[in-house]
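So the structure is just underneath, and the comments pick up after that.
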Amino acid sequence: MNRPFIIPVFLPHHGCPHRCIFCNQTAITSIKKNLLDTEQLHLWIKEFLKYKRKQRYPVQIAFYGGNFLGLKTDDVKRLLHEAAKLVKDGQVDSIRFSTRPDTINNQRLDVIKQYPVATIELGVQSMDDQVLATANRGHTSLDTEKAVELLKARKYTIGLQMMVGLPGDDEAKALATGHRIAGLDPDFVRIYPTAVLANSPLAAWYQQGEYAPWPLKQSVTVVKKLYLMFINNKIPVIRMGLQSSEDLEEESTILAGPYHPAFGHLVHSEIFLDRAVAAIKPAKSSHDTITLKVHPHNISKMRGLNNQNVEILKKRFRIKDLQIIPDYALSKDRLVVLQQRSRLH
Ligand code: SF4
């Protein structure tokens, strides 16, 4: 899958029928503005295009942070019309947006069919109807299934976003959601652990003791299981965890929950730790030296954050010297263990 160059145009909460309990787009996107007017939109896009890199393809204008097809039809048409001008003059390849599953119907899709929209992302969040109801989503899993069917019929590239750790969610429900999403065969997915954002309805639940977010470790492990399941189904996972920003780093923005600026890295590190644990043969006593060879791209994933994996492995297998070395000959998902001299007592 190519890595697109995305020009994000944030429309915080525009088009939302109500506020979902976990959401505060102003905090996530750092954008506090009203819907951009035409001039602002062009200036914003022009500024972003300065950072375009050749190897990133396609170039897409992305309307994020709200419920795009929930906007008034005139606004939908205005934004798409302006974006389409840049596609026509060759600066941009196509358009993408995120929207709610219950905004997808033939009538709305007819409104956008004349514009060069290539990718549509749906905020699925969960396929458990009870979890959806508690999160005040206002749609069901059936809405998601119908929406995907309609988008497939019109040949859009489909991205599905899911959350883990919403009120009432548990590991079994999160994995069941993952399986149902995989069954819909989207082109890619994003997985977000639920964090308590300031000024979201969930913040009040948290402060009143009615909601406890999942711990970071649990979230990493569940997202890891989902990631591996999607990858085994050949479905790319393009994001795990909220994108870090200066605003999110502020303590006043995230009140609690499994937010980590390198959440995806934590997931990949746990995958490499599991692989190493499965591959190292325990010695009767201690190991003198163990060498782990991975693709150079994966050195830091194998080490883990702050060398955490190294410490865990050394302790678990009583290894005196653990080396992690790069090997270009290995594919990115491989790990080779060289065990030298185990000391037997
Ligand atoms: S999750 Fe989506 S629909 Fe719900 S309030 Fe946030 S932006 Fe709006």
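Everything numeric here is computed off the predicted structure, so don't read it as measured data. Every number for a ligand or one of its atoms is a count from 1 in the order of the listing.
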*Can you pull out the closest protein heavy atom to atom 6 (Fe) of ligand 1? Residue, atom name and distance to 0.1 Å, please.*
C23 SG, 2.3 Å
_Electrostatic pair D110-R154, nearest N-O below 4.0 angstrom_ = yes
*Would M162 end up clustered with L132 when hydrophobic side chains under 4.5 Å apart are linked, directly or stepwise?*
no
*Contacting atoms of ligand 1, where contact means under 4.0 angstrom from a heavy atom of H18*: 5 (S)
*Protein contact to atom 5 (S) of ligand 1 [nearest heavy atom, distance to 0.1 Å]*: C20 N, 3.5 Å
_Given L69, which partner from the list V111, I112, D102, N105 fulfils the side-chain contact (heavy atoms from CB on, under 4.5 Å) test?_
I112
*Just jot down the ligand 1 atoms closer than 4.0 angstrom to any heavy atom of R100, in number order.*
3 (S)
*asked:* With a 6.0 Å cut-off (strictly less than), is the heavy-atom count around NZ of K152, excluding the residue itself, greater than 12?
replied: yes
*asked:* Show me which atoms of ligand 1 lie under 4.0 Å from any heavy atom of F22.
replied: 1 (S)
*Pair R96-Y64, side-chain contact (heavy atoms from CB on, under 4.5 Å): steps then yes or no*: CA-CA 9 Å; R96 64 197 283 160; Y64 285 156; 3.0 Å; yes
_Students should be able to answer this: which protein heavy-atom is nearest to atom 7 (S) of ligand 1, and at what distance?_
C16 SG, 3.5 Å
*Pair K314 + D321, salt bridge at N-O below 4.0 Å*: no
*To the nearest 0.1 Å, how far is atom 1 (S) of ligand 1 from its closest protein heavy atom, and which atom is that?*
R137 NH1, 3.3 Å
*Heavy-atom distances under 4.0 Å are what count here, so tell me which part of Q125 touches ligand 1: side chain, backbone, both or neither.*
neither
